[in-house]
Protein chains: 2
Amino acid sequence: MAGIPLDRTDLRMLDVLQREGRITNAELAARVNLSPSPCLRRLQRLEAAGVIAGYAAQVDPQAVGLGLQAFVRVQLTQHDSATIETFVQRVNAWDEVVDCYALTGDMDYLLHVVVADLDHFSRFLLDKLLNASGVADVNSSFVLRTVKHAGALPLAQLAGA
Amino acid sequence: MAGIPLDRTDLRMLDVLQREGRITNAELAARVNLSPSPCLRRLQRLEAAGVIAGYAAQVDPQAVGLGLQAFVRVQLTQHDSATIETFVQRVNAWDEVVDCYALTGDMDYLLHVVVADLDHFSRFLLDKLLNASGVADVNSSFVLRTVKHAGALPLAQLAGA
DNA sequence: TGCGTCGCGCAAGATTATTGCGCACATCCG
DNA sequence: CGGATGTGCGCAATAATCTTGCGCGACGCA
């Protein structure tokens with residue numbers, strides 16, 4: 001996992017693509033002061049190296065009827081590999097869980113949950129989460145407002161080769 | 001904010017684009033059993049309506065030297081609009097904060113922070129967050145492992161017109 | 001100075017985007 | 001029941017873009 005070296009141009013490309021992922025290669029080239037050919041070759045290199053893991057359309061949750069989001073902190077009863085493995089597998093199978101992180105602190109996991117409404121959340125909580133073995137404690141907080149959703153890493157602060 | 005009606009084809013398009021945002025219109029059309037023309041027209045409609053808010057390249061944080069992530073829960077001293085307004089503005093100005101949500105529960109805000117290392121985080125915490133007025137309490141948890149990062153809404157479970 | 005490497009720009013063919021147009025089907029009203 | 005209307009599809013043609021091979025110049029090094 002050494003990671004490939006990234007120069008200033010690479011970082012500028014990434015910075016642009018984080019915000020406008022469907023921009024044409026021609027315009028991306030113009031933004032970073034390059035002709036289309038080397039720009040495309042750099043892009044393919046970044047994709048092949050996994051620096052760019054993929055591209056995603058950002059869908060408005062409200063528009064598709066998913067109007068409620070919550071963050072659920074979960075504590076497991078035990079921390080042996082079997083318990084963890086089982087929990088992780090279930091989390092990956094649950095569609096409502098968009099993100100899941102293992103954290104330091106008194107709670108083991110943080111789940112970002114997206115659902116249609118309170119009823120939907122209730123079913124998720126009762127039928128899935130609390131039904132899962134190994135779950136000792138659960139603490140739910142609902143999203144009142146999305147204050148910031150950059151969807152972009154702070155590349156500006158990086159020096160780059 | 002009624003939102004435009006979405007049929008089964010629209011949802012399938014969104015489902016594909018959430019995972020492969022840079023797919024060509026021709027291939028997207030093939031995936032949803034449509035010819036390129038109506039597929040593009042649907043896409044433009046979805047973009048214009050804001051159902052698709054944008055497109056983003058998913059950059060690997062490790063690859064760009066941002067190897068440490070944290071979730072910081074913040075409680076404000078007061079909840080008057082002036083205190084909130086000030087805090088929100090600062091959050092939006094801080095590059096390290098990728099996401100920020102106002103939550104129910106005993107902590108008012110959840111910040112998703114991406115930094116290079118502990119030193120970087122320390123500077124963020126001491127120089128920025130704890131220096132901000134109106135901040136009563138702060139609780140940081142570091143990301144040990146990203147268990148799941150779908151980056152996609154669960155559209156499969158939606159019926160759609 | 002001479003050699004090798006690296007990355008750029010140019011150019012041409014293949015692919016894709018984009019628009020106008022006509023047609024089929026469903027709905028609604030007379 | 002018949003005709004009008006609207007909606008959305010596919011086709012076709014042009015414009016734009018992608019994609020690859022190639023030659024050139026800059027740089028590092030012995």
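In the text below, chain A, chain B and the rest are named by the order of the sequence lines, each starting its count at 1.
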TODO: Return the set of residues passing salt bridge (Lys or Arg N to Asp or Glu O under 4.0 Å) with Asp127(A) (not counting sequence neighbours), or none when no residue passes.
DONE: none
Under 3.5 Å, N/O pairs linking protein and nucleotides 12-14 of chain C:
none

TODO: Assert yes or no for the condition that the ring centre distance of Phe87(B) to Tyr109(B) is strictly below 6.0 Å.
DONE: yes
- [ ] Nearest whole angstrom, please: distance from the P of dT7(D) to the CG of Asp7(B).
- [x] 15 Å
Task: For Lys148(B) against Trp94(A), the heavy-atom pair lying closest together - done: NZ-O, 2.8 Å
Task: Residues which pass side chain to side chain donor-acceptor pair (under 3.5 Å) with Glu20(B), listed by chain and number, not counting sequence neighbours - done: Arg31(B)
Task: End-to-end axis angle, where each axis spans five pairs of the helix from dT1(C)-dA30(D) to dG30(C)-dC1(D), to 10° - done: 30°
Open item on the list: Output the rounded distance in Å from CG (Leu43(B)) to P (dA17(C)).
Closed with: 10 Å
Open item on the list: Listing request: all salt bridge (charged side-chain N to carboxylate O under 4.0 Å, His left out) pairs with a residue in residues 36-61 of chain B, at least two apart in sequence or in separate chains.
Closed with: Asp7(B)-Arg42(B), Asp10(B)-Arg42(B), Asp10(B)-Arg45(B)
Task: Closest non-hydrogen atom pair between Ala136(B) and Thr77(B), with its separation - done: CB-CG2, 3.5 Å
Open item on the list: Does anything in residues 105-124 of chain A form a salt bridge (charged side-chain N to carboxylate O under 4.0 Å, His left out)? List the pairs, not counting sequence neighbours.
Closed with: Asp119(A)-Arg123(A)
Open item on the list: Show every ring-ring contact (aromatic ring centres under 6.0 Å, His included) that has at least one partner inside residues 9-66 of chain A, sequence neighbours left out.
Closed with: none
Please tabulate the protein-to-nucleotide N/O contacts below 3.5 Å involving nucleotides 12-22 of chain D, giving atom names and distances.
residue: dA12(D); atom: N6; partner: Ser37(B); partner atom: OG; Å: 3.3
residue: dC18(D); atom: OP1; partner: Asn25(A); partner atom: N; Å: 2.4
residue: dC18(D); atom: OP2; partner: Ala26(A); partner atom: N; Å: 2.9
residue: dT20(D); atom: O4; partner: Ser37(A); partner atom: OG; Å: 3.2

Open item on the list: Under the side-chain hydrogen bond (donor to acceptor under 3.5 Å, both in side chains) definition, can you give me all pairs with a residue in residues 132-145 of chain A, not counting sequence neighbours?
Closed with: none
Open item on the list: Ignoring hydrogens, what is the shortest heavy-atom contact between Asn25(B) and Arg22(A)? Give both atom names and the distance.
Closed with: N-NH2, 4.1 Å
Compile the donor-acceptor pairs under 3.5 Å between side chains in residues 61-72 of chain B and protein atoms, sequence neighbours left out, one pair per line.
residue: Gln69(B); atom: OE1; partner: His112(B); partner atom: NE2; Å: 2.7

- [ ] Grab the CZ-P distance between Arg42(B) and dG10(D) for me, whole Å please.
- [x] 10 Å
TODO: Would you please name every residue forming a side chain to side chain donor-acceptor pair (under 3.5 Å) with Thr83(A), sequence neighbours left out?
DONE: Asp80(A)
TODO: Considering non-hydrogen atoms only, spot the tightest contact between Val97(A) and Val91(A) and give its length.
DONE: CG1-CG1, 3.9 Å
Using nucleotides 23-28 of chain D, report all nitrogen or oxygen pairs with the protein that are shorter than 3.5 Å.
none

